[in-house]
Every structure is written in structure tokens, then in C-alpha cells.
Amino acid sequence: MSKIIIAIDGPAAAGKGTLARKLAAHYDFAYLDTGSLYRAVALTLILSGKPDPSESEAEDAANNLNPAILTDSELRAEATGKLASRVATMQKVRDALKIFQIDFANNPPEGQQGAVLDGRDIGTVICPDAPCKIYVTATDQVRAKRRWMELSARGDERPFNDILQDLIARDRQDQQRAAAPLKPAKDAYRLDTSDLSPEAVLKKAIEIVDSRIK
Ligand code: DC
């Protein structure tokens with residue numbers, strides 16, 4: 001039987017990860033944070049002394065990922081996210097990570113009935129036939145504040161304005177790249193989370209998913 005796929009896309013710090021994780025728990029589906037794959041490629045390169053990789057070096061890292069890197073505390077660091085956005089512009093890196101993502105969606109690891117994937121191109125490229133697609137957004141200010149709080153909690157104190165400018169630059173890079181640019185799928189529900197609590201976002205998302213899978 002084919003699996004139910006929920007595709008969550010949107011710009012950085014819009015609340016995709018929190019929502020996707022909660023949706024997966026609600027429906028007892030598998031969850032994949034696809035951004036962590038691009039971050040894993042970036043961190044592998046940083047740790048192997050290649051902070052400015054060529055496309056073939058990045059492709060090589062993507063083809064030989066060590067799963068242990070996914071639990072490294074530096075995965076969520078700002079420098080890792082920045083390089084992740086850059087390697088994500090490389091078609092060969094995207095190709096190297098694509099099959100794993102499609103396979104995860106269609107064959108959830110613990111045999112669940114469905115999967116929730118969050119990223120930038122899930123509804124447009126990885127799972128274009130997913131019945132439920134949500135494009136999560138929030139204003140630049142709100143997203144920068146969320147990222148600032150996340151980084152502060154990690155002990156990474158940076159001026160708010162630096163974070164805001166980095167976020168805007170990262171969105172621009174993610175949206176303007178030729179390979180699988182960040183954009184809402186035509187059939188995605190656009191959910192602006194700027195003025196919503198995480199609970200309200202989850203409630204709305206469950207309504208959307210229920211209306212599309214029942
Ligand atoms: O969601 P995140 O901040 O962890 O993602 C890091 C970078 O990875 C992001 O700037 C762009 C890239 N990415 C992507 O291109 N496609 C995805 N499906 C997920 C992430």
C-alpha cells in the first residue's frame with residue numbers, strides 16, 4: 001500500500017522542524033529533517049578541512065556520509081547552516097541525497113503508514129505527488145528572533161541584526177539557485193506562523209492534513 005507523505009517546506013527558522021516533528025508524532029509517521037542531510041555534508045567538509053569545497057569534493061562528501069555526523073553538536077551551528085546552504089546549490093550534491101529521501105518517504109524505516117519530510121524542495125522535487133503539502137512562512141523579523149533564541153540557547157550569542165542579515169542572505173541563496181529552488185508547490189497550503197503559537201500552528205496543520213487525506 002502506498003504511504004501517506006506530508007511535505008513541509010519553507011524558509012529558514014519558519015517553524016518547519018517543530019511542526020513536522022509534532023505532526024509525525026500525531027499521526028505516528030516517520031520523520032526526516034532533510035536539512036540535516038545538507039548540514040551533514042557541510043559539517044563533514046568543515047571537519048575534513050574543506051570549508052570552501054569544490055562541487056566534486058562536496059559530491060564526494062554527500063556520497064560517503066557517516067550517519068554519526070547527524071548527532072554531532074556542531075550540526076546546528078550557524079557556520080554549518082551557512083555552508084549547507086552553499087553546498088545545497090550544487091546539483092551533484094542534491095542528486096546524491098535525493099534517492100535516500102525518496103526511499104525514506106516511500107519506505108518509512110519502522111514500517112509506519114506514512115512519513116513527514118521537511119526541507120526546501122519536498123513538495124516540488126522530492127515528493128511532488130504528496131497529498132499534503134504545507135509551505136510554512138513567517139516574517140523575517142519573527143524568523144530571526146526564533147533563530148536568535150535557538151542560537152542563544154546553544155550559548156552562541158550573536159547580535160540580532162547579524163542573524164537577521166544572514167537569514168535574509170540564506171533565503172536569497174535558497175530561492176535563487178538554479179537547482180530545486182525554494183518555492184511553494186502549486187498545491188501547497190501556505191501557513192504563515194508569524195502570529196501563531198506552536199500549538200495553534202499544529203492545530204491548523206492537522207486540519208489541513210485531515211482534509212487532504214480523509
Ligand atoms: O533547514 P536547515 O536550515 O537545516 O537547512 C540547511 C540548508 O540546507 C538550507 O539553507 C538549504 C538546504 N536545504 C535544501 O536545499 N533542501 C532541503 N530539502 C533542505 C535543506
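Excluded from the calculations below are hydrogen atoms, water molecules and symmetry mates; all remaining heavy atoms, backbone and side chain alike, are included. Both ligands and their constituent atoms are indexed starting at 1 by order of listing.
Every atom of ligand 1 is numbered from 1 in the order shown, and the set under 4.0 Å from a heavy atom of Ala88 is 12 (C), 15 (O). Near Arg94, the atoms of ligand 1 lying under 4.0 angstrom from a non-hydrogen atom of the residue are 14 (C), 15 (O), 16 (N). If you number the atoms of ligand 1 from 1 as listed, the ones under 4.0 Å from a heavy atom of Gly119 come out as 17 (C), 18 (N), 19 (C).
Protein heavy atom closest to atom 19 (C) of ligand 1, with residue, atom name and distance, is Thr34 OG1, 3.4 Å. What sits closest to atom 8 (O) of ligand 1 on the protein, heavy atoms only, is Tyr38 CB, 3.4 Å. Arg120 NH1, 2.8 Å is the protein heavy atom nearest to atom 1 (O) of ligand 1. The protein non-hydrogen atom at the shortest distance from atom 6 (C) of ligand 1 is Arg170 NH1, 3.7 Å.
Under the 4.5 Å side-chain heavy-atom criterion for grouping Ile, Leu, Val, Met, Phe, Trp and Tyr, Val142 is not connected to Leu19 through any hydrophobic cluster.
Taking 4.0 Å as the cut-off between side-chain N and carboxylate O, Arg120 and Asp9 do not count as a salt-bridged pair. Looking at Asp95 and Lys92, no side-chain N of the basic residue comes within less than 4.0 Å of a carboxylate O on the acidic one, giving no salt bridge. Between Asp33 and Arg39, none of the side-chain N atoms (NZ, or NE/NH1/NH2) sits under 4.0 Å from a carboxylate O, so this pair counts as no salt bridge. Contact check on Arg94 versus Asp121 returns a salt bridge, with a Lys/Arg side-chain nitrogen under 4.0 Å from an Asp/Glu carboxylate oxygen. Ion pairing between a basic and an acidic side chain is recognised when a charged N comes within 4.0 Å of a carboxylate O; Asp166 and Arg147 show no such pairing.
Within the 4.0 Å heavy-atom shell around ligand 1 one does not find Gln173.
Using a 4.0 Å cut-off between heavy atoms, Ser85 contacts ligand 1 through both its backbone and its side chain. The proximity of Arg177 to ligand 1, defined as any non-hydrogen pair under 4.0 Å, is limited to the side chain.
Checked options Leu167, Ile163, Asn161; the residue passing with Trp148 is Ile163 (criterion: side chain to side chain contact (heavy atoms under 4.5 Å, CB included)).
Within 6.0 Å of the NZ atom in Lys22, the count of heavy atoms belonging to other residues, nucleotides or ligands exceeds 12.
Taking each of Arg39, Lys16, Arg147 in turn, the one with a heavy atom nearest to atom 3 (O) of ligand 1 proves to be Arg39.
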